[in-house]
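Taking it in order: structure first as structure tokens, then the write-up.
Since we're looking at a predicted model, the values are computed, not measured.
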Amino acid sequence: MNRIKHYAFKTFLALSNVHKSVCRVFPNALINITEHSGYYMGIKNVPDIKNSFIQSLESLGYILHTVDKASLGGRGIDIDLKNPLTGQAMTGSSSGTAMNVFLNINDIGIGTDGGGSVLAPALALNVCSCIHGLLGKDDVNEGTVKRSTDGIPFTASLGILSKELSHIQRIIYHQIPLTAESHSHVNIAIDSAIDLPYPKIDIADKYTLSRQALIERLECLLQSYDIIISKEGPVDYHGFGESIFGHFDQGTQTIQQKANKGFIRVANMCHAMAVTVPSTELSTGYVLICRTTNKTVVDTLFKLADQLKASKDTLVEQYFGRLDQYFTGGKSV
């Protein structure tokens with residue numbers, strides 16, 4: 001299938017809205033796609049993502065294609081959408097944006113993350129993501145302080161989702177003013193579940209700690225190390241990580257903890273940059289966290305992310321990657 005036809009199918013799928021993840025489609029996006037350049041972009045249906053930021057990405061060749069459904073009230077789950085892999089309620093709140101990347105409607109998605117709202121949906125669907133507090137800094141009202149469902153104040157960061165880590169890295173390097181001062185040694189600490197030759201840290205309780213306690217743990221680690229790597233998931237498979245549900249009693253709290261959301265719950269609240277990449281396991285991946293604009297550290301983080309990132313799952317791509325199946329009964333055209 002040539003590139004124009006491939007992108008036409010992306011628009012057809014967005015317009016048909018089979019998975020109920022699209023709020024609005026810009027069909028004219030196809031006019032801007034050529035044989036040589038351009039990628040489709042979706043944005044979460046929230047006011048935080050300003051036109052000037054969208055235009056800055058369009059200057060890189062990312063063409064606004066869809067406005068994506070978000071979970072009602074910014075909930076950690078979206079009871080209106082189903083995770084295409086598990087059939088369970090989709091992880092929120094950048095739920096539709098993550099799904100539209102997973103379904104190949106868009107090449108990248110832009111969401112917002114207060115307490116895991118980009119990172120968790122990305123892990124739930126085995127796609128890549130990144131949040132950074134300086135992303136779109138001039139375009140986000142820095143005075144807008146919200147409270148999480150468990151009462152912790154935060155300011156949301158913008159985040160990027162994509163199946164391709166290269167898209168995320170390109171946007172971060174274009175948008176974030178990285179400093180080039182020397183950094184002779186990058187201190188890295190990793191989850192004991194990760195097979196890399198770096199110092200191991202015991203973070204086995206990352207799923208059961210309260211959010212406030214986990215913030216304090218991550219703050220402490222980031223004072224000692226440049227990069228923290230945690231393996232997390234399967235997200236929202238054995239339980240679902242949503243504080244409204246979890247606050248009722250010990251039983252609901254236990255189910256919430258079984259959602260296996262660790263540092264993804266607090267990375268933004270610690271004013272950190274975080275990147276997620278999928279592993280070979282369902283709804284599971286690696287979370288790489290740093291808190292610096294030093295280019296050497298950020299370069300190292302992306303190199304490690306690329307090293308850890310699993311190859312695309314062949315069966316998943318065969319099933320969900322064939323856009324023509326929605327319109328031709330599965331017959332290739």
Are Leu196 and Ile188 close enough, and set up right, to give a side chain to side chain contact (heavy atoms under 4.5 Å, CB included), and what steps lead you there? CA-CA 10 Å; Leu196 286 176; Ile188 301 165; over 6 Å; no
Could you go step by step and tell me if Phe12 and Asp324 meet the side chain to side chain contact (heavy atoms under 4.5 Å, CB included) rule? CA-CA 10 Å; Phe12 294 156; Asp324 57 306; over 6 Å; no
For a side chain to side chain contact (heavy atoms under 4.5 Å, CB included) check, start with the C-alpha distance between Leu13 and Asn104, then their side-chain angles and the critical distance, and finish with the verdict. CA-CA 9 Å; Leu13 181 55; Asn104 290 323; over 6 Å; no
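For the atom pair Asp191 CG and Ile201 CD1, the distance stands at 7.0 Å (nearest 0.5 Å). Ser21 OG to Asn100 CG: the interatomic distance, rounded to the nearest 0.5 Å, is 3.5 Å. Note that the SG atom of Cys130 and the CD1 atom of Ile171 stand 9.5 Å from one another [nearest 0.5 Å]. In this structure, the separation between CG on Leu165 and CZ on Arg170 is 14.0 Å, given to the nearest 0.5 Å. The CD1 atom of Ile43 sits 5.0 Å away from atom CG of Leu64, with the distance rounded to the nearest 0.5 Å. Put simply, CG on Asn51 and OG on Ser56 are 11.0 Å apart, with the number rounded to the nearest 0.5 Å.
Scanning all heavy atoms of the two residues, the minimum distance from Thr91 to Pro121 falls at O-CG, 3.7 Å. When every heavy atom of Asn83 is checked against every heavy atom of Ala124, the shortest pair comes out as ND2-O, 3.3 Å. Of all heavy-atom pairs spanning Pro177 and Leu134, the tightest one is CD-CD1, 4.5 Å. Considering all non-hydrogen atoms of both residues, His65 and Lys10 come closest at CE1-O, 3.7 Å. Shown here for Ala29 and Tyr40, the closest heavy-atom pair between the two residues is CB-CE2, 3.6 Å. In terms of heavy atoms, Val101 sits closest to Gly109 at CG2-N, 3.6 Å.
Looking at Asp107 and Tyr7, their side chains do bring a donor and an acceptor atom within 3.5 Å of each other. Side-chain contact annotation: Thr276 with Ser129, donor-acceptor N/O pair under 3.5 Å present. Inspection of the Thr97 and Lys44 side chains reveals no N or O donor paired with an N or O acceptor under 3.5 Å. Side-chain N/O atoms of Asp113 and Asn268 include no donor and acceptor closer than 3.5 Å. Judged purely by distance below 3.5 Å, without hydrogens or angles, the side chains of Thr284 and Tyr237 never pair a donor atom with an acceptor atom. Between the side chains of Asp48 and Thr112, no donor N or O sits under 3.5 Å from an acceptor N or O. With hydrogens and angles left out, the side-chain atoms of Tyr62 and Asn106 include no donor and acceptor closer than 3.5 Å.
Between the Lys50 side chain and the Pro47 main chain, a donor and an acceptor come within less than 3.5 Å of each other. Asn17 places a side-chain N or O within donor-acceptor distance of the main-chain N or O of Val22, the cut-off being under 3.5 Å. Glu164 contributes no side-chain N or O that, together with a main-chain N or O of His167, makes up a donor-acceptor pair within less than 3.5 Å. Checked by atom type and distance alone, the side chain of Arg217 never pairs as donor or acceptor with a backbone atom of Asp205 at under 3.5 Å. When atom types are taken as modelled, the side chain of Asn32 and the backbone of Gly38 share no donor-acceptor pair closer than 3.5 angstrom. Judged by distance alone, with hydrogens and angles left aside, the side-chain atoms of Arg265 form no donor-acceptor pair with the main-chain N or O of Gly241 at under 3.5 Å.
Within the 4.5 Å cutoff, the side chain of Leu57 has heavy atoms near those of the Ile110 side chain. Taking the side chain as every heavy atom from C-beta outward, Lys20 and Asp80 never approach each other to under 4.5 Å. Side-chain contact between Met273 and Leu135: absent, with no pair of heavy atoms (C-beta onward) separated by less than 4.5 Å. In this structure, Pro84 and Leu125 have side chains that are in contact, with non-hydrogen atoms separated by less than 4.5 Å. Under the 4.5 Å side-chain criterion, counting only non-hydrogen atoms from C-beta, Leu301 is not in contact with Leu304. Taking the side chain as every heavy atom from C-beta outward, Arg75 and Glu242 approach each other to under 4.5 Å. At least one side-chain heavy atom of Glu58 sits less than 4.5 Å from a side-chain heavy atom of Met41. Asp236 has its side chain out of reach of Ser283: every pair of non-hydrogen atoms, C-beta onward, lies at least 4.5 Å apart.
A chain of hydrophobic side-chain contacts below 4.5 Å, direct or via other Ile, Leu, Val, Met, Phe, Trp or Tyr residues, connects Val297 to Ile176. By the criterion of side-chain heavy atoms lying less than 4.5 angstrom apart, applied directly or through intervening Ile, Leu, Val, Met, Phe, Trp or Tyr residues, Leu222 is grouped together with Met269 in one hydrophobic cluster. No continuous path of ILVMFWY side-chain contacts below 4.5 Å connects Leu282 to Phe240, so the two sit in separate hydrophobic clusters. Cluster annotation: Val118 is not connected to Ile77 through the hydrophobic network of ILVMFWY side chains, with a link wherever side-chain heavy atoms come within less than 4.5 Å. Both Ile54 and Leu30 are part of a single hydrophobic cluster, where members link through side-chain heavy atoms under 4.5 Å apart.
More than 12 heavy atoms of other residues, nucleotides or ligands lie within 6.0 Å of NZ in Lys309, so this atom counts as buried by the packing criterion. Remark: Leu72 CG is loosely packed, at most 12 non-hydrogen atoms of other residues, nucleotides or ligands lying under 6.0 Å away. Heavy-atom neighbours of Tyr319 OH from other residues, nucleotides or ligands within 6.0 Å: at or below the threshold of 12. Within a 6.0 Å radius of CD1 in Ile79, no more than 12 heavy atoms belonging to other residues, nucleotides or ligands are found. Applying the 6.0 Å contact sphere to CG of Asp195 captures no more than 12 heavy atoms from other residues, nucleotides or ligands. In the displayed structure, Phe320 atom CZ is contacted under 6.0 Å by more than 12 heavy atoms of other residues, nucleotides or ligands. By the neighbour-count criterion of 12 heavy atoms within 6.0 Å, atom NZ of Lys200 is densely surrounded, having more than that number from other residues, nucleotides or ligands. In the displayed structure, Phe302 atom CZ is contacted under 6.0 Å by more than 12 heavy atoms of other residues, nucleotides or ligands.
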With a 3.5 Å cut-off and sequence neighbours excluded, list the donor-acceptor pairs that the side chains of residues 226-235 form with protein atoms.
from: Asp226; atom 1: OD2; to: His183; atom 2: NE2; distance (Å): 3.3
from: Asp226; atom 1: OD2; to: Asn187; atom 2: N; distance (Å): 2.7
from: Ser230; atom 1: OG; to: Lys206; atom 2: NZ; distance (Å): 2.9
from: Ser230; atom 1: OG; to: Glu232; atom 2: OE2; distance (Å): 2.9
from: Lys231; atom 1: NZ; to: Glu281; atom 2: OE2; distance (Å): 2.5
from: Glu232; atom 1: OE1; to: Gly262; atom 2: N; distance (Å): 2.8
from: Glu232; atom 1: OE1; to: Phe263; atom 2: N; distance (Å): 3.3
from: Glu232; atom 1: OE1; to: Ile264; atom 2: N; distance (Å): 3.4
from: Glu232; atom 1: OE2; to: Phe263; atom 2: N; distance (Å): 2.7

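We find that Glu219 and Arg291 are joined by a salt bridge, their nearest charged nitrogen and carboxylate oxygen being less than 4.0 Å apart.
In this structure, Lys163 satisfies the cation-pi test against Phe102, with its NZ or CZ atom closer than 6.0 Å to the six-membered ring centre and inside 45 degrees of the ring normal.
When hydrophobic side chains of Ile, Leu, Val, Met, Phe, Trp and Tyr are connected at separations under 4.5 Å, Leu315 ends up as a singleton with no cluster partners.
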